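The structure appears right after this line, and notes come after that.
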Amino acid sequence: MTSSPAPLPDTLGRQQASPARAVETRVAPLQAKERVSVAVYAEDRILHTGVVHQLRQRPEVELLDESDADSAQVSLVVTDTLDEQTVQLLRRLQRDTGTRVGLIVSRFGAGALQSVIDCGVAAVLWRAEAEQDRLVRLVTALASGEGFLPGDLLGQLLEHVGSMQRLVLDPRGLALSTLTTREADMLRLVAEGLDTAEIAQRTSYSERTVKNVLREVTVRLQLRNRAHAVGFAMRHGLI
């Protein structure tokens, strides 16, 4: 076997294909500061070569080698399925680097979506859809702080969030926002111009409880008063 340049990083533990410098195209290359630095991780040479081959031709992308991989703006993890080894890599990237992670995967098993969320993955792309333009859009979106999910996974995510709200949070009077259901209800009444006595009557709580709840919101969110709390909640879509 002939020798080759140093491979791109492969935290999954297998040898990868060698990176190549971006080739010249008819499109004027972007300035270095505009290029997105990318590290590619793959479970085998074939997967790695396919992604690298598509990205190395694009002036928007700067492929990093193994020694610089942890400084990449974007890390692409390419795998057939989300196995334990891939999850460990995702957790390491989340824990030890400031990179934003995109996952290119063929299929998801049971519970995989929750694992992806827990590992801080910001975007998912099906391998069957990973052609050049889509890969570059994914990379640039991640570098801009955006996220991406295929439509079918977005539906699963919304269903997952709704189920969590119904089965876990609602019975405890909690919400996915920074406010409990009771806090949000009371702030809505404050926004309507009701005073403490009127809120107590409307909610069937004592005036003391109303005061304590509203005080807890202002202290926890480091707000000045009720009006500030209402403005904060409205700006952030909490009420």
Side-chain angles (χ1 to χ4, degrees), residues 8-14 16-17 19 35-58 60-64 66 69-165 167-168 176:
L8 283 177
D10 181 11
T11 306
L12 295 186
R14 285 164 285 275
Q16 301 181 2
R35 301 175 74 194
V36 179
S37 58
V38 178
V40 178
Y41 302 80
E43 64 179 359
D44 61 49
R45 180 185 295 272
I46 294 175
L47 293 182
H48 182 272
T49 301
V51 172
V52 169
H53 176 72
Q54 296 187 73
L55 291 179
R56 69 185 179 186
Q57 303 176 47
R58 298 294 292 259
E60 302 96 324
V61 176
E62 177 190 6
L63 290 169
L64 299 185
E66 185 173 2
D70 283 354
S71 65
Q73 294 170 265
V74 171
S75 292
L76 297 181
V77 177
V78 191
T79 186
D80 187 48
T81 188
L82 195 69
D83 57 17
E84 183 58 31
Q85 198 170 18
T86 305
V87 170
Q88 290 177 7
L89 169 60
L90 294 174
R91 287 174 178 162
R92 187 192 72 77
L93 293 172
Q94 180 186 37
R95 182 183 65 249
D96 299 336
T97 73
T99 192
R100 302 199 77 226
V101 178
L103 178 66
I104 303 171
V105 63
S106 294
R107 59 185 182 276
F108 268 177
L113 182 58
Q114 183 63 54
S115 295
V116 166
I117 295 170
D118 292 343
C119 292
V121 172
V124 177
L125 181 65
W126 296 125
R127 272 184 54 196
E129 300 174 354
E131 47 83 24
Q132 187 182 81
D133 287 340
R134 196 171 293 227
L135 281 171
V136 173
R137 286 198 297 271
L138 181 69
V139 165
T140 54
L142 284 168
S144 300
E146 301 174 10
F148 173 82
L149 283 178
D152 49 350
L153 284 187
L154 180 59
Q156 289 184 39
L157 177 60
L158 294 175
E159 183 178 349
H160 175 76
V161 171
S163 177
M164 181 184 298
Q165 181 69 58
L167 301 178
V168 179
L176 288 170

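Computed from heavy atoms alone, side chains included, the values below leave out hydrogens, waters and symmetry copies. The shown structure was predicted, so the numbers you read here are calculated from the model rather than taken from an experiment.
- If you take CZ on R100 and CG on L93, they are separated by 13.0 Å, rounding to the nearest 0.5 Å.
- To the nearest 0.5 angstrom, L103 atom CG is 10.0 Å from L138 atom CG.
- Side chain of T86 to main chain of L82: no donor-acceptor pair is present (N/O by atom type, distance under 3.5 Å, no hydrogens or angles).
- With sequence neighbours left out, D80 forms a side chain to side chain contact (heavy atoms under 4.5 Å, CB included) with E43, S106, R107, R127.
- Of all heavy-atom pairs between L142 and A122, the closest is CD2-CB, 3.5 Å.
- The minimum heavy-atom distance linking Q57 with H53 is given by the pair NE2-O, 2.9 Å.
- For the ring-ring contact (aromatic ring centres under 6.0 Å, His included) condition, the pairs that include at least one residue of residues 88-147, sequence neighbours left out, are F108-W126.
- Applying the ring-ring contact (aromatic ring centres under 6.0 Å, His included) rule to pairs touching residues 76-96 yields nothing, sequence neighbours excluded.
- In terms of heavy-atom proximity, T81 sits nearest to V105 at CA-CG2, 3.9 Å.
- Partners of R134 under the side-chain hydrogen bond (donor to acceptor under 3.5 Å, both in side chains) rule, at least two apart in sequence or in another chain, are E129.
- With sequence neighbours excluded, no residue forms a side-chain hydrogen bond (donor to acceptor under 3.5 Å, both in side chains) with S115.
- At least one donor-acceptor pair under 3.5 Å links the side chain of Q94 to the backbone N or O of D118.
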Yes or no on side chain to side chain contact (heavy atoms under 4.5 Å, CB included) for D70 and R92, after CA distance, side-chain angles and deciding distance?
-> CA-CA 10 Å; D70 283 354; R92 187 192 72 77; 3.4 Å; yes
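- For the pair V61 and L135, the minimum side-chain heavy-atom distance is 4.5 Å or more.
- Panel note: side chain T99, backbone S75; a donor-acceptor pair is recorded below 3.5 Å.
- A search for side-chain hydrogen bond (donor to acceptor under 3.5 Å, both in side chains) contacts involving D133 returns R58, not counting sequence neighbours.
- Formation of a donor-acceptor pair under 3.5 Å by the S37 side chain with backbone atoms of Q73 is found in this model.
- You'll find the side chain of L89 stays beyond 4.5 Å of the side chain of Q85, heavy atoms only.
- When the side-chain hydrogen bond (donor to acceptor under 3.5 Å, both in side chains) test is applied to Q54, no partner is found at least two apart in sequence or on another chain.
- A pairwise comparison of heavy atoms in S71 and L64 identifies OG-CD1, 4.0 Å as the closest pair.
- The shortest non-hydrogen separation linking V40 to L63 is CG2-CD2, 4.1 Å.
- Side chains of E60 and V38 form no contact here, defined as non-hydrogen atoms less than 4.5 Å apart.
- The side chain to side chain contact (heavy atoms under 4.5 Å, CB included) search around E146 returns A141, S144, not counting sequence neighbours.
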